[in-house]
Amino acid sequence: MIETLHSFRFLFVVLVFFSHFVWEGHVPFDYGGECGVSFFFILSGFVLSVGYGGRLRGGVFSEKTFLLKQLCKFYPLHIVMTLFFMMLDMRTDAGVDWVKLLLNLFLLQSWLPDNDYNFAFNGVSWFLSDMLLFYLLFPVLFRKIDSMPSRQLWGVTFVGIAAYFVLVLLVPQSAVNTVLYVFPPVRCLDFILGILVYRVYAGCRELPFLYSSVCKRRFIFVTVFELAVVLLLVSSYLVYGSLPSRIRCVGLFWFVLPLLILFFAIVDKCGGTFTRLLHSRVLLWLGGVSFEVFLLHLAVIRLFTGAAIRIGLTSLSLYEYIAASLLCLGVTVGLAVPVKKYFVDNLYSVLIKAVIKV
């Protein structure tokens, strides 16, 4: 496990959380959701390559077992949360759209160019809909990228990025969210970028003199580079508001997040101050429940805001807003711990034994 990236999972899921804690009178933190989603898509391509690249090269990779294992990790909690939101809708007399429900249950909702379908029920599950495609394509994408000559690979990468930005210019404004932000084939480019980052990372490890040069530097020297990479991420936030939505929803982060992931993966065992912070037990522990926080947080926010409205809290001061958001985040983490331990992990163990037998 690359511990720095494991801790980053929680930090970026917090960004996603705050993007969804919307209250009257406060500007939505859209940057957090868009940055967080891009991070997780790119990280997924990178981490899967780290974990399964050797097996794919060695010809001992089972596509069926791989896919079933991934489904066992997230699908049960996804089903529970979808049904929970369905019951909430029934309680509020909102009714249930059975087409939307079926699309959500089978993780097909992000294929429709309609945000009413994309974000129905547990709205964040569109992310899983995209990931399902990535899991299916991962073996083919990895083999192709891993075996392609460097010059050809970077040429194809350049053409692919150029083609994407042509698409960015051509997509109507009304379709920016459904096509550029949600649509699985388009977001697969983030996932591919993660595999490309892995190829660079693997290349660095194969050149000991290059890979170890960072580790040989003095602690303060590495800390300065860590700070520079973090400030680059901060700069993306500073320019975010001045960019058109078609650029900032995805493309902006391609210039920042791959470098962040690559650099902190390289310095994981020999980094500076930031690496030591990311290696803290608390952050590593929180990184372990980030997936559960991701799938649970909208439910907590919805229950909290519903209760607040019923008692007349339709607007909050800045301090009240911060306190309320931190309270909801704390409750979400508190729920995520037992959900992971007693439901997700236990059920995964049971399901994976059945998968292995099959």
Side-chain angles (χ1 to χ4, degrees), residues 1-21 32-33 36-37 39-40 43-44 47 51 68-92 101 104-105 107 120-129 131-132 277-308 310 322-356:
M1 179 177 69
I2 300 175
E3 294 184 342
T4 49
L5 301 183
H6 188 69
S7 293
F8 268 131
R9 290 177 186 273
F10 179 73
L11 298 179
F12 279 90
V13 89
V14 168
L15 292 183
V16 174
F17 172 90
F18 280 106
S19 75
H20 293 144
F21 195 84
V37 166
F39 172 80
F40 285 112
L43 182 69
S44 296
V47 169
L68 289 174
K69 282 185 176 181
Q70 303 309 314
L71 287 172
C72 289
K73 288 178 183 177
F74 71 79
Y75 199 68
L77 185 56
H78 159 65
I79 294 294
V80 170
M81 294 310 299
T82 300
L83 295 178
F84 177 77
F85 273 87
M86 181 191 74
M87 290 187 290
L88 287 180
D89 289 344
M90 293 174 68
R91 284 191 60 189
T92 57
L101 179 63
N104 267 262
L105 290 175
L107 293 174
F121 299 98
N122 192 17
V124 295
S125 63
W126 74 266
F127 176 91
L128 302 179
S129 178
M131 285 301 304
L132 183 58
L277 290 173
L278 292 168
H279 281 193
S280 68
R281 291 184 178 180
V282 173
L283 274 179
L284 289 171
W285 175 73
L286 289 169
V289 297
S290 57
F291 169 72
E292 288 73 22
V293 170
F294 180 74
L295 281 190
L296 291 169
H297 77 275
L298 281 185
V300 174
I301 291 174
R302 177 165 171 176
L303 291 173
F304 177 84
T305 53
R310 281 196 294 272
I322 294 173
S325 61
L326 292 176
L327 173 63
C328 282
L329 178 60
V331 170
T332 304
V333 173
L335 286 173
V337 174
V339 167
K340 175 178 174 57
K341 182 176 181 180
Y342 298 110
F343 179 73
V344 175
D345 288 351
N346 283 347
L347 191 55
Y348 176 78
S349 298
V350 172
L351 291 175
I352 211 65
K353 289 178 182 177
V355 167
I356 293 173

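Taking CG of Leu278 as the start and CZ of Phe10 as the end, the distance is 12.5 Å to the nearest 0.5 Å. Rounding to the nearest 0.5 Å places CG of Leu277 at 10.5 Å from NE2 of His279. Atom CZ of Arg9 sits about 12.0 Å away from atom CG of Leu11, to the nearest 0.5 Å. In this structure, CZ on Phe18 lies 8.5 Å from CD1 on Ile322, to the nearest 0.5 angstrom. Going from atom CD1 of Ile301 over to atom OG1 of Thr332 covers 6.5 Å, rounded to the nearest 0.5 Å. The SG atom of Cys328 lies 4.5 Å from the CZ atom of Phe304; values are rounded to the nearest 0.5 Å.
Contacts classified as side chain to side chain donor-acceptor pair (under 3.5 Å) and involving residues 342-352 (residues at least two apart or in different chains) are given here: Lys340-Asp345.
When all heavy atoms of Gly32 and Ser19 are compared, the closest pair comes out as C-CB, 4.0 Å.
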Donor-acceptor pairs under 3.5 Å, side chain of residues 283-297 to any protein atom, not counting sequence neighbours: which ones?
residue: Ser290; atom: OG; partner: Gly287; partner atom: O; Å: 2.9
residue: His297; atom: ND1; partner: Val293; partner atom: O; Å: 3.3
residue: His297; atom: ND1; partner: Phe294; partner atom: O; Å: 2.7
residue: His297; atom: NE2; partner: His20; partner atom: ND1; Å: 2.7

Can you give each donor-acceptor pair under 3.5 Å made by side-chain atoms of residues 70-84, sequence neighbours left out, with the distance rounded to 0.1 Å?
residue: Tyr75; atom: OH; partner: Leu105; partner atom: O; Å: 2.4
residue: His78; atom: NE2; partner: Asn104; partner atom: O; Å: 2.7
residue: Thr82; atom: OG1; partner: His78; partner atom: O; Å: 2.9

Exercise for the section: Apply the test side chain to side chain contact (heavy atoms under 4.5 Å, CB included) to residues Val300 and Phe17: give CA-CA distance (whole Å), side-chain angles for both, the deciding distance (0.1 Å), then the verdict. Expected result: CA-CA 10 Å; Val300 174; Phe17 172 90; 5.8 Å; no
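Residues Phe8 and Leu43 form no side-chain contact, since every pair of their non-hydrogen atoms from C-beta on lies 4.5 Å or further apart.
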